[in-house]
Amino acid sequence: MGAEITIGELAELMQVSVHQIRYFEEKGVLLPSYTDTNQYRKYGIDQIYQLSQIILLRKLGMPVQAVKECMAESGQQVMEEKLHRSLVEIGGEIARLQLLEQFILKVLQEQGDFQMEKQSCQVKMREAMPLQKWFEMDSAATLDARTLAEQSVRVNALSETDIHYIYDRTNTVSLYTAVEPGGEVGRVLPAGEYLSCRLQVTDESVLKEEIGQFSRYAEQEYGELPGPLVLIEKSYLSLFSRDKLHYEILLCIESGDATGGADAR
DNA sequence: TTTCTTACA
DNA sequence: TGTAAGGA
């Protein structure tokens with residue numbers, strides 16, 4: 001037998017790494033045709049076909065363990081079932097990547113908006129926004145580590161979500177996040193016209209001051225408004241400027257639906 | 001030079 | 001999976 005090739009040659013032929021071939025062997029997926037006296041692995045034409053099949057199955061998203069089972073059993077049923085499972089998992093992966101894509105687009109969009117609208121108020125139309133209740137706290141309190149740790153409701157990716165602070169005319173502020181999968185809608189901010197102001201602040205006192213200023217401006221321009229003041233914290237924008245928190249303050253001027261009631265005129 | 005084993009990021 | 005060490 002002189003037709004066999006070395007691991008290096010096989011790797012070159014099949015465009016995979018030598019390490020990967022040894023890994024397949026360790027997992028019992030691909031054994032050499034024989035081992036030479038000098039411990040060198042030797043591979044024949046059968047192994048070449050086997051390896052190409054292994055590579056194909058791996059490319060189809062099948063785990064090495066499942067590939068092993070396929071190679072061992074080689075039944076139609078088994079193959080069909082495993083490919084089906086690969087399909088499901090790939091579907092999940094696609095969904096995960098799409099969420100990531102959406103998030104990146106949103107971050108870039110918000111960042112662009114901040115560049116455009118920095119420190120100036122404007123009126124804009126907004127879609128209805130369903131929110132999930134997180135918790136409430138005293139409106140004079142500030143968010144600290146202890147408060148967050150004590151909440152029974154967990155937010156899975158704090159730095160990826162908009163945190164909505166909703167100030168009704170009470171002494172408490174309610175915190176909401178976007179509705180997470182399986183979450184319960186606790187409140188819906190109505191669609192309609194909103195007065196909006198975006199700002200970046202380094203410390204809390206500035207934020208309080210800005211909110212006060214915003215409220216006074218709103219009252220002066222639009223009179224007493226029925227809706228709550230909404231403060232949205234976009235912590236992911238700190239990616240662009242460290243140490244600064246990015247906020248948008250919103251106040252509904254005229255809602256498109258019945259909730260909150262149309263006023264002024 | 002190539003491959004082997006083993007260990008590690 | 002890739003990379004590195006140290007020996008055959």
Side-chain angles (χ1 to χ4, degrees), chain A residues 1-111 145 148-149 154-161 163 177 180-182 234-246:
Chain A
M1 285 208 186
E4 283 77 16
I5 58 179
T6 65
I7 195 169
E9 290 172 311
L10 182 61
E12 167 70 22
L13 180 67
M14 304 303 293
Q15 295 290 288
V16 294
S17 67
V18 166
H19 186 273
Q20 197 170 15
I21 295 174
R22 290 202 195 101
Y23 178 71
F24 289 148
E25 181 180 334
E26 184 189 319
K27 294 295 165 190
V29 185
L30 177 73
L31 300 178
S33 168
Y34 68 95
T35 305
D36 219 341
T37 49
N38 59 4
Q39 294 272 281
Y40 283 19
R41 297 164 172 82
K42 293 290 190 151
Y43 301 88
I45 185 72
D46 289 348
Q47 284 70 48
I48 293 177
Y49 280 111
Q50 279 174 27
L51 181 53
S52 68
Q53 206 165 94
I54 293 166
I55 293 168
L56 173 61
L57 292 176
R58 291 290 293 130
K59 195 185 281 184
L60 298 185
M62 196 179 291
V64 177
Q65 184 55 36
V67 171
K68 180 183 177 183
E69 287 158 22
C70 280
M71 303 298 282
E73 311 195 20
S74 163
Q76 280 182 6
Q77 297 281 73
V78 183
M79 182 65 80
E80 228 172 275
E81 173 218 314
K82 297 217 184 295
L83 284 180
H84 200 268
R85 200 158 56 81
S86 286
L87 194 62
V88 171
E89 273 166 23
I90 288 171
E93 187 67 1
I94 289 173
R96 187 184 70 83
L97 290 173
Q98 278 174 336
L99 284 177
L100 272 184
E101 180 186 40
Q102 271 181 343
F103 177 64
I104 293 175
L105 286 171
K106 172 181 154 169
V107 170
L108 288 173
Q109 172 73 46
E110 291 279 359
Q111 162 70 2
L148 285 180
R154 294 278 173 245
V155 172
N156 57 25
L158 202 51
S159 58
E160 291 172 31
T161 78
I163 301 174
T177 61
E180 294 174 10
K234 300 166 191 289
S235 53
Y236 47 86
L237 288 182
S238 299
L239 289 172
F240 298 95
S241 49
R242 275 195 149 280
D243 308 331
K244 278 186 187 161
L245 278 174
H246 296 62

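The structure presented is a predicted model; accordingly, all values stated were derived computationally and were not measured. Chain A is the first sequence line, chain B the second, and so forth, proteins listed ahead of strands; every chain is numbered from 1.
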Requested in this report: Please determine if A:Arg22 and A:Glu25 form a salt bridge, counting it only when a charged side-chain N lies under 4.0 Å from a carboxylate O.
Outcome: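 The answer is no: the pair does not qualify as a salt bridge.
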Requested in this report: Walk me through it: do A:Glu180 and A:Val155 pass the test side-chain contact (heavy atoms from CB on, under 4.5 Å)?
Outcome: CA-CA 9 Å; A:Glu180 294 174 10; A:Val155 172; 3.6 Å; yes
Query raised in the report: Across the strands shown, which category fits A:Arg22 at heavy-atom distances under 4.0 angstrom: base, sugar-phosphate, nothing?
Result: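 The residue A:Arg22 makes base contact.
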Query - Footprint string (nucleotides 1-8 of chain C, 5' to 3'): B base within contact, S backbone only, - free, heavy atoms under 4.0 Å - result: BBB-----
Requested in this report: At the 4.0 Å heavy-atom cut-off to chain A, mark where contacts on DNA chain B begin and end, going 5' to 3'.
Outcome: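 With heavy atoms of chain A under 4.0 Å away, the range is B:dT2 to B:dT5.
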**Report entry** Residues in salt bridge (Lys or Arg N to Asp or Glu O under 4.0 Å) contact with A:Glu69, at least two apart in sequence or another chain
**Finding:**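 Only A:Lys82 meet the salt bridge (Lys or Arg N to Asp or Glu O under 4.0 Å) criterion with A:Glu69.
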Query raised in the report: More than 12 heavy atoms of other residues, nucleotides or ligands under 6.0 Å from CD of A:Glu12: is that the case?
Result: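 Counting neighbours around CD of A:Glu12, 12 or fewer heavy atoms of other residues, nucleotides or ligands fall under 6.0 Å, so no.
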**Report entry** Interatomic distance, A:Tyr34 atom OH to A:Asp36 atom CG [nearest 0.5 angstrom]
**Finding:**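 CG of A:Asp36 is found 5.0 Å from OH of A:Tyr34.
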Report task. Give, for atom CD of A:Glu26 and atom CD1 of A:Ile21, the distance between the pair rounded to the nearest 0.5 Å. Result ->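 Output value for this atom pair is 14.0 Å.
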Report summary line: Here DNA chain B, pairs taken as Watson-Crick or G-U under 3.5 Å and shown with ( ), [ ] when crossing and | when to another strand, reads .|.||||||
Query raised in the report: Run the side-chain contact (heavy atoms from CB on, under 4.5 Å) check on A:Lys42 and A:Ile5 step by step: do they pass?
Result: CA-CA 5 Å; A:Lys42 293 290 190 151; A:Ile5 58 179; over 6 Å; no
Report task. With sequence neighbours left out, write down each residue that passes ring-ring contact (aromatic ring centres under 6.0 Å, His included) with A:Phe103, or none if nothing qualifies. Result ->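 In terms of ring-ring contact (aromatic ring centres under 6.0 Å, His included), with neighbours along the sequence ignored, A:Phe103 is linked to A:Tyr236.
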Report task. Using the test ring-ring contact (aromatic ring centres under 6.0 Å, His included), find all partners of A:Phe24 that sit at least two apart in sequence or belong to another chain. Result ->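 Residues passing ring-ring contact (aromatic ring centres under 6.0 Å, His included) with A:Phe24: none at all.
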Query raised in the report: Would you say the side-chain atoms of A:Arg85 pair up with the backbone N or O of A:Glu89, donor to acceptor, closer than 3.5 Å?
Result: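 No: the side chain of A:Arg85 does not pair with the backbone of A:Glu89.
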